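Quick note on labels: first sequence line is chain A, next is B, and so on, each numbered from 1. The shown structure was predicted, so the numbers you read here are calculated from the model rather than taken from an experiment.
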Number of protein chains: 2
Amino acid sequence: MAEATPQVASPVRELRIGEVAKRTGVTPRTIRYYEEIGLLPAVAGRDPGSHRLYGERDVERLEELLQLKEVLGVTLEELREIATAESARAALRREWHEDEPDAGRRREIIDEALGHVASQLELVRRRKAEIEGFEDELVARRRLLRKRLREIGANG
Amino acid sequence: MAEATPQVASPVRELRIGEVAKRTGVTPRTIRYYEEIGLLPAVAGRDPGSHRLYGERDVERLEELLQLKEVLGVTLEELREIATAESARAALRREWHEDEPDAGRRREIIDEALGHVASQLELVRRRKAEIEGFEDELVARRRLLRKRLREIGANG
DNA sequence: CTCTAAATTGACGTGAACGTAAGAAAGAGT
DNA sequence: ACTCTTTCTTACGTTCACGTCAATTTAGAG
């Protein structure tokens, strides 16, 4: 029961851009570019010229985005729209639950994460359905070809 | 049993590039570009300057390629490699079956198409597996989040 | 305080996949 | 033979998603 570090929700920003880049398998340039186009939020409270500092949360978020990009094959613009939509939904729900005393602070965070996962699952499953559609087409085509082959084999 | 048009395997080339473009949902430029990079074979026996003429087979082939591109999210270079590999396999099998009398002419064609379908199915299913991997990750993550939520709900 | 590795901004470069403009030529219809 | 639409070739332009200098600055180690 010794869990009393005086951090309520400290971001623990300790990673620099090179370290984040290594962990996610991209280059620093890519991270700056993503920030530039608004896909990643600009590191808050940072004087121009000083180093960007990130936390584990930021790394996880970037990994999510990279995986969505690869799996869905979407452009960075579409990815930005997805991210924006997620934020908007999160904000709305936060407002909705505003009146709670505070007992559910962690609850809100988990709830938000659940929302992210849900919307991502929807996208992934939509993509999967598309692929399965094409797969079915191919299987049907194969069936037709095999039928023709049997017919030829019968009278040829 | 009146099936005696004097065409053994006539290509029936009758469509011009604009028509092919409309049917496949791309622009003429795209079709020429695909030919330029060797993704589509150059229309055979055509004097420079004269119009390109295509048949239904060509349209179907282009549709296949476009669908593969979209579903797999591959580059045109990779797509070209896939097409090349298919042709190579087809050529090999043709050589292998060379000694047949000729009774299996249509058989060979169907056989070749079956080969194409098989290799495409493999690619599509590989991609599907990747997506399902990510889907599983998301589902696992959701399960974990829900567990945490229940734990909080119990003592909070 | 110095040294140095890593980061910052700014700018230009790059490859993929086409778009677009221009002038000439082809080919279907009359 | 003539018109009118469509295509042809050539060539330069464009967008996306970063890569690559270059000239500073920053910030952690000694």
Test: E35(A) and R52(A) ion pair at under 4.0 Å: yes
dT8(C) phosphate, OP1 or OP2, under 4.0 Å from R32(A) side-chain N/O: yes
Salt-bridge contact E77(B)-R80(B) (side-chain N to carboxylate O under 4.0 Å): yes
Verify same cluster id: L149(A), V139(A) (apolar side-chain graph, 4.5 Å): yes
Y33(A) OH - dT8(C) P separation (whole Å): 18 Å
Return a table of donor-acceptor pairs under 3.5 angstrom between the side chains of residues 19-28 of chain A and protein atoms on other chains or two or more places apart.
{"unit_1": "E19(A)", "atom_1": "OE2", "unit_2": "R23(A)", "atom_2": "NE", "d": "3.4"}
{"unit_1": "R23(A)", "atom_1": "NH1", "unit_2": "E56(A)", "atom_2": "OE1", "d": "3.4"}
{"unit_1": "R23(A)", "atom_1": "NH1", "unit_2": "E56(A)", "atom_2": "OE2", "d": "3.2"}
{"unit_1": "T24(A)", "atom_1": "OG1", "unit_2": "V20(A)", "atom_2": "O", "d": "2.8"}
{"unit_1": "T24(A)", "atom_1": "OG1", "unit_2": "A21(A)", "atom_2": "O", "d": "3.3"}
{"unit_1": "T27(A)", "atom_1": "OG1", "unit_2": "R29(A)", "atom_2": "N", "d": "3.4"}
{"unit_1": "T27(A)", "atom_1": "OG1", "unit_2": "T30(A)", "atom_2": "N", "d": "3.3"}
{"unit_1": "T27(A)", "atom_1": "OG1", "unit_2": "T30(A)", "atom_2": "OG1", "d": "3.2"}

Interatomic distance where CG belongs to L62(B) and P belongs to dA17(C) [whole Å]: 15 Å
Rounded distance (Å) that lies between atom C1' of dC18(C) and atom CD of E36(B): 10 Å
Residues E151(B) and R146(B) bridged, charged N to O under 4.0 Å: no
Tabulate below the donor-acceptor pairs under 3.5 Å that side-chain atoms of residues 65-73 of chain B make, not counting sequence neighbours, or state none.
{"unit_1": "Q67(B)", "atom_1": "NE2", "unit_2": "E137(A)", "atom_2": "OE2", "d": "3.4"}

Strand-adjacent residues in residues 65-86 of chain B, judged by heavy atoms under 4.0 Å from DNA chain C: K69(B), T75(B), L76(B)
Nucleotide dG19(C), atom P - distance to CD1 of I31(B) in whole Å: 11 Å
Bounds of contact between DNA chain D and chain A, in 5' to 3' order, using a heavy-atom cut-off under 4.0 Å: dA17(D) to dA27(D)
Per-nucleotide protein contact string for nucleotides 20-30 of chain C, where B marks a base within reach and S marks sugar-phosphate only (heavy atoms under 4.0 Å, - for neither): B-----BS---
Residue list, side chain to side chain donor-acceptor pair (under 3.5 Å) with E112(B), at least two apart or on another chain: R94(B)
Salt-bridge present (R126(A), E122(A); N to O < 4.0 Å): yes
Approximate separation, where rounding is to 0.5 Å, of D58(B) CG and L40(B) CG: 8.5 Å
Presence of salt bridge, R61(B) and E64(B), under 4.0 angstrom: yes
Residue R148(A) excluded, over 12 heavy atoms near CZ under 6.0 Å: no
